[in-house]
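Report on the structure given below.
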Amino acid sequence: MAGAPTPHHPTTSPQAVASNVQLPLVQQPLVQLPLVQRLQQARDLAASVLDSVAFSLLNEAEAMAVLGTVEDLGRRVDAARVASAADIAVRSRRILGHESLAYKNGATNGTDLITRLTRVSSREANRRVRLGENVTPRLAGTSMLPPYYPAVAAALTAGSLGVDAAEHIVTALDTVAARVAPDDLGTAERALVASATGAITDETSGLPGEGFAFPADLVRGMAGQWLARLDPDGTAPNEPVAEPRSTVGFGLLRDGLYPLRGGVTAELRGIMNAIFDTYLSAHAAPAFPTEEEQARMDAGDLIPGAEAAAHSDDRNGGEKRADILRGVFEAATRDAGTPTMGGAAPTVMIHVNQADLAADRGVGWIDGVEAPISLTSVKQALCAGGFQEIVFGPNNEVLTLSTEKRFFTRAQRRAIAARDGGCTIPGCTIPAAWCEVHHVIPWHLGGKTNIDNGVLLCWYHHHSIDTSGWQIRMVKGKPEVRAPLCYDPTQTWRTTGNHRARPPGSQQARPPGA
């Protein structure tokens, strides 16, 4: 087809792919058989070859060659799946009435018929139909019109373009098709197909990566770049209804988690990325020690790399981003400018049975949330936020309600924040505004709620302080920490405190057991 890219990718020798494989004999030439029988025979032949392959016994070269060849075969089959599903959907249009293929076979519509015939999900059936409508020839009366995206159609049919990459290209270009000149749209289509297949065309000649086939995920990014080039202004200012808006909601509880649903605009994504990247990458880049740090290392007071190791906890990137988001929200609840509700700052109400708390068992419950929380989280909330004691009668009536017993006051928190500067655990970059105040001697063991018994910990280190191996103690009103054995074999107590007004040289290690 004119203008369609020609794929350039290495081919694999059949001997390298299916060595020592006995192929079944074809009793009759395929070309002499009806179409369905030819497809069935091709299916049986492919199944026989695939069943005979022992993947774990292949050498490395054969394993890679088999992967590529199977993928080539799968792409050809996927293209036929898309075209076949689109054809069934056209034959099942409601406008055909009793002549609709779906109606004749007792199905409600084309999707219903496809799912019955193929046993795929309705989502997958709709996905194939949507793509097929754009990449298959269209019947108009007695005439056959070309596909809306001929370059994508040609590459799909040739087996050089996968369905996922084709879907990225078509979905992206469809968003601007009505506002872009057909020639420009065709240029973008051919360039994207060339990038996805490794073809060399006039659109990609001389560009970086020319002749290299990019994975589907990168093709999606390239499609976004083409959109910006084709339609640099995006949605016009007089189209506020079509302007994208961020939205966030919660799904139903599943496996102890509430799925987040929604999406954010590019601007909000950039803001969120800036916050996440700042704290996730704090120790990603190599850094040289300052003169003070070098002096402390020379004196044996600082173990090189220990602080960075302390930050390498077992959370993955998504879990760390969730904890950063938690810190942002908790800081907002403590901010004086946050609106109040019922005369008080936003407050999370947690209910726990006193007997369960004393026995260190059971769970807690949050107002408005049907899922329980662990007792560890309950005790952490008590430590940081305080409590009110309610006594119920035999008929569940309230007998007494104590006054609110808050632990650390706003003034105490400010003083502790000035002393610690952020999370007390070395290597953690969470700022003071996002931290909670932790009782070094637990409040339920008689620990006092004063500055000399409080330290700042981020939510993660507060939540895991009893199990992570980190130990904290107070010496002359200042916190000292001892790292887990795997980080510090010397088990030395070390002073912390990141306030910038600290006199130089005031951090000194104490001998073990001091």
Under 3.5 Å side-chain donor-acceptor pair for D174 and Y149: yes

Residue list, side-chain contact (heavy atoms from CB on, under 4.5 Å) with A181, at least two apart or on another chain: D184

Distance-only polar pair, side chains of T449 and H439, donor-acceptor under 3.5 Å: yes

Test: R482 cationic atom under 6.0 Å from W470 six-membered ring centre, within 45° of axis: no

Contacts of D452 that satisfy salt bridge (charged side-chain N to carboxylate O under 4.0 Å, His left out) - sequence neighbours left out: none

E189 side chain to V152 backbone, donor-acceptor under 3.5 Å: yes

S160 side chain to A155 backbone, donor-acceptor under 3.5 Å: yes

Intermediate values then yes/no, salt bridge (Lys or Arg N to Asp or Glu O under 4.0 Å), R81 and D78: CA-CA 5 Å; R81 282 172 166 172; D78 283 343; 3.1 Å; yes

Spacing of E436 atom CD and L456 atom CG [to the nearest 0.5 Å]: 10.0 Å

Flag, side chain of R473 to backbone of I441, donor-acceptor distance under 3.5 Å: no

For A196 against L161, the heavy-atom pair lying closest together: CB-CD1, 3.5 Å

Straight-line distance of R413 CZ to D420 CG, nearest 0.5 Å: 10.5 Å

Donor-acceptor contact present, side-chain D255 to main-chain L257, <3.5 Å: no

Approximate separation, where rounding is to 0.5 Å, of I425 CD1 and I465 CD1: 4.5 Å

Option passing side-chain contact (heavy atoms from CB on, under 4.5 Å) with I416 (candidates V437, N453, T424): V437

With a 3.5 Å cut-off and sequence neighbours excluded, list the donor-acceptor pairs that the side chains of residues 162-169 form with protein atoms.
residue, atom, partner, partner atom, Å
E167, OE1, R127, NE, 2.7
E167, OE1, R127, NH2, 3.3
E167, OE2, R127, NE, 3.4

Salt-bridge present (D217, R220; N to O < 4.0 Å): yes

